[in-house]
There are 2 protein chains.
Amino acid sequence: MVKTPAALEAAMDFAIARPSRTLEATLRGKIDTKTKPLGALGRLESLALQISLIQQTESPKLERPQILLFAADHGAVAEGISAYPQDVTWQMVHNFLAGGAAINVFSRQADIAVQVIDAGVNHDFPAQAALRNCKIAHGTANYVHEPAMSAAQCVRAMETGVRLVGECAVHGTNVIGFGEMGIGNTASASLLLHRIGGVPLVDCVGRGAGLDDTGLARKRAILERAAARCPGPLTPLEALVEYGGFEIAMMAGAFLAAAEAKMAILVDGFIATSALLVASRLHPAVLEYCVFAHVSAEAGHRRMLDLLGGEPLLALGMRLGEGTGAAACYPLLQLAVNFLNEMASFDAAGVSNKSEP
Amino acid sequence: MVKTPAALEAAMDFAIARPSRTLEATLRGKIDTKTKPLGALGRLESLALQISLIQQTESPKLERPQILLFAADHGAVAEGISAYPQDVTWQMVHNFLAGGAAINVFSRQADIAVQVIDAGVNHDFPAQAALRNCKIAHGTANYVHEPAMSAAQCVRAMETGVRLVGECAVHGTNVIGFGEMGIGNTASASLLLHRIGGVPLVDCVGRGAGLDDTGLARKRAILERAAARCPGPLTPLEALVEYGGFEIAMMAGAFLAAAEAKMAILVDGFIATSALLVASRLHPAVLEYCVFAHVSAEAGHRRMLDLLGGEPLLALGMRLGEGTGAAACYPLLQLAVNFLNEMASFDAAGVSNKSEP
């Protein structure tokens with residue numbers, strides 16, 4: 001078992017190549033001769049190009065779309081950083097399994113499969129087929145006083161994410177999104193943004209699931225203390241060990257594995273993006289596989305996206321997590337792929353192009 | 001037959017009431033007790049409320065979604081205001097009928113029916129079941145020199161829009177969008193924005209389907225001349241007669257009829273919104289039924305939306321018309337309706353709410 005962050009980093013050895021751009025000119029030609037003014041489909045055109053380059057084809061297909069939904073608890077909620085009690089994490093897992101949560105509704109509509117993973121919930125679930133038991137521990141330790149997890153736990157979590165994505169790849173998934181549930185996890189994501197991205201903490205901390213002004217001030221003060229516990233610089237993996245969550249570590253591994261498997265990756269909200277922040281510092285090429293689904297209303301997400309050069313497709317003021325942003329934007333990926341495959345060209349349709357008046 | 005704009009205005013007598021807000025508190029209660037933080041679904045929550053109020057129900061349904069796609073030509077293209085030749089209008093109608101255009105792809109994906117209407121294309125189509133022949137004339141007159149249409153033509157066009165929506169209502173459609181195709185019609189929409197909205201012409205005129213800088217300057221100069229032809233103030237319907245298009249007039253009537261029929265109305269891009277600008281000046285309550293699908297990349301659309309208080313759901317840099325923005329945003333309406341109908345409440349799911357820690 002790897003025991004130190006440095007060794008952990010060595011373990012995160014992925015073969016993630018930037019997609020070859022050999023096909024780019026051909027693809028641009030195909031896009032530009034569709035029966036529409038040049039560039040008139042805007043972001044859907046760049047999306048079609050990106051997905052085609054990821055798949056290295058002129059006729060991309062979205063196969064077996066999947067959302068992996070990681071649930072875990074956070075020791076720091078003992079400090080009072082969340083508007084909701086910790087029990088909500090396991091209660092929401094039940095809700096996911098019963099099909100009553102927002103992500104269930106959204107993914108049913110878009111025909112996306114959802115797999116629910118116990119990454120480290122502070123609750124003992126009865127064994128059941130619908131819930132993947134990948135529990136690292138009953139929640140992280142309280143990072144105000146000690147590291148959230150050990151390096152060994154971190155590597156186990158990341159490797160779990162890798163393994164789960166590998167299973168999806170075997171089943172033919174080529175488009176994937178990662179969602180999360182964990183009371184207190186916006187706080188973790190804020191600390192990762194602060195310590196890895198160098199963004200002032202005050203700009204990283206938001207209301208999460210609904211803190212009032214007093215609660216927000218309290219959360220900021222607590223996170224200041226947590227950040228001050230490790231005064232020196234931290235590598236991204238050290239920051240993950242110190243302040244992360246098991247769901248975030250699993251997602252970080254999952255991002256890397258999905259990019260290595262050449263999947264198109266739907267990037268959800270603030271917490272999922274914090275996992276990508278870690279992953280992208282290890283392997284920047286992972287970003288080439290990422291489609292930024294939306295910008296969350298949670299303070300800090302826009303800053304995080306800016307750090308990653310991510311242009312979100314949707315801006316609907318959502319801040320729910322669970323992968324709901326990823327699921328909500330999936331029809332836009334379908335539009336991108338479908339217009340590329342199905343629209344007629346000027347020639348085929350007998351429509352005059354601009355250049356031949 | 002009504003012959004003057006004043007009489008025309010009298011003919012546009014619709015019973016469009018603002019939806020009763022009696023159900024609002026109940027609906028907000030239903031939304032707020034879903035298993036999610038308060039407000040966490042952002043715009044989808046206000047959308048669910050709006051659709052429910054339009055339908056006056058706690059369990060809204062989207063039935064037989066429909067796009068009416070109006071095609072017509074513009075006499076002013078003789079002045080050289082478009083990057084594409086006028087023949088593209090009828091050629092694109094063929095493309096719509098063959099299923100090869102963007103709107104065909106988008107509406108197939110979302111399972112939206114499309115009806116193509118010849119509102120006044122400068123071409124004689126063979127009679128065919130798939131194309132509704134509602135031709136007012138072979139294109140409008142050149143508004144640089146004379147009114148684009150007569151008041152009688154305008155009223156016939158608007159009444160046609162009303163009739164077509166009425167047919168949809170009979171078939172059970174309760175959600176509708178209007179698209180258009182017409183070389184030169186961004187110029188018409190620009191003039192309507194300028195003359196009805198009072199926005200300086202320079203801010204109303206854009207590149208349409210792809211003018212270069214020289215073409216844009218030329219278009220602006222020509223539209224300045226056109227605007228100067230009628231120096232005095234114009235009522236919205238006078239502006240429509242002077243500078244409109246048959247597709248725009250049909251859409252204006254269609255907006256009014258759809259609101260009267262209590263449909264949810266998907267507002268597409270710059271040209272469709274210009275028709276709504278006319279309609280909403282006659283009956284401001286029509287806006288209560290409108291969902292603003294997207295903000296187009298065409299200069300002027302944002303100004304037009306601001307005038308109408310419209311908050312677009314999507315901002316993808318699209319500028320294609322045809323109803324593509326409306327079709328692209330339709331899955332968001334489905335998400336809104338589905339979360340309201342299908343998500344579990346805190347009580348039903350046994351999840352602790354914020355107020356009971």
Side-chain angles (χ1 to χ4, degrees), chain A residues 34-45 83-85 87-88 91-92 94-95 98-102 104-106 108-110 208-210 297 313-322 324 327-328 330-332 334-335 338-339 341-345 348-354 356-357, chain B residues 34-45 83-85 87-88 91-92 94-95 98-102 104-106 108-110 208-210 297 313-322 324 327-328 330-332 334-335 338-339 341-345 348-354 356-357:
Chain A
K34 296 293 187 184
T35 44
K36 58 170 186 57
L38 210 62
L41 285 176
R43 288 291 309 280
L44 297 182
E45 298 192 10
Y84 285 79
D87 280 347
V88 168
Q91 292 166 344
M92 281 301 295
H94 279 300
N95 198 19
N104 301 110
V105 176
F106 284 29
R108 274 200 297 269
Q109 177 179 314
L313 285 165
L314 297 174
L316 296 170
M318 288 164 56
R319 48 178 172 78
L320 181 50
E322 300 180 5
T324 48
Y330 181 65
L332 299 178
Q334 294 177 297
L335 288 179
N338 288 342
F339 98 74
N341 288 326
E342 298 178 22
M343 266 182 80
S345 67
V351 175
S352 309
N353 203 339
K354 187 179 168 183
E356 31 172 349
Chain B
K34 296 293 186 184
T35 44
K36 58 167 188 57
L38 211 61
L41 285 176
R43 287 292 308 280
L44 298 182
E45 298 193 11
Y84 286 78
D87 280 346
V88 167
Q91 291 166 346
M92 283 300 295
H94 278 301
N95 197 22
N104 301 111
V105 176
F106 284 28
R108 272 198 300 269
Q109 177 180 314
L313 287 164
L314 298 173
L316 296 170
M318 288 165 55
R319 49 178 171 79
L320 180 51
E322 301 180 4
T324 48
Y330 182 64
L332 299 178
Q334 294 177 298
L335 288 178
N338 289 342
F339 98 75
N341 289 324
E342 299 177 21
M343 267 182 79
S345 67
V351 175
S352 309
N353 203 341
K354 186 180 169 183
E356 32 175 347

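Numbered from 1 within each chain, the chains take letters A, B, ... in sequence-line order.
In terms of heavy-atom pairs under 4.5 angstrom with chain B, the leader among A/Glu322, A/Arg43, A/Arg319 is A/Arg319. When B/Pro37, B/Gly210, B/Ala40 are compared by the number of non-hydrogen pairs under 4.5 Å with chain A, B/Ala40 comes out ahead. Chosen from A/His94, A/Met318, A/Gln109, the residue pairing most often with chain B at heavy-atom distances under 4.5 Å is A/Gln109. Annotation: maximal heavy-atom pairing with chain B below 4.5 Å, among A/Leu38, A/Asp87, A/Asn95, occurs at A/Asn95. For chain A, the option among B/Gly208, B/Ala297, B/Gly321, B/Gly317 with the highest count of heavy-atom pairs below 4.5 Å is B/Gly317.
None of A/Gln334, A/Met343, A/Lys34 except one satisfies the side chain to side chain contact (heavy atoms under 4.5 Å, CB included) rule with B/Val105; the exception is A/Met343.
Separation of atoms NZ (A/Lys36) and CG (B/Leu320) is listed at 8.0 Å; rounding is to 0.5 Å. Separating the CZ atom in B/Phe106 from the CG atom in A/Leu44 is a distance of 5.0 Å, to the nearest 0.5 Å. We find the CG-OG1 distance between B/Leu335 and A/Thr324 to be 9.5 Å, quoted to the nearest 0.5 Å.
Within the 4.5 angstrom heavy-atom criterion, atoms from both the backbone and the side chain of A/Ala102 approach chain B. For B/Ala209, the parts sitting under 4.5 Å from any heavy atom of chain A are the backbone and the side chain alike. Heavy atoms of A/Leu314 lying under 4.5 Å from chain B belong exclusively to its side chain.
Using a 4.0 Å cut-off between a side-chain N of Lys or Arg and a carboxylate O of Asp or Glu, B/Arg108 and A/Glu342 qualify as a salt bridge.
Across B/Leu332 and A/Ala328, no two heavy atoms sit closer than the pair CD2-O, 4.4 Å. In this structure, B/Leu313 and A/Leu316 approach most closely via the heavy-atom pair O-CD2, 3.6 Å.
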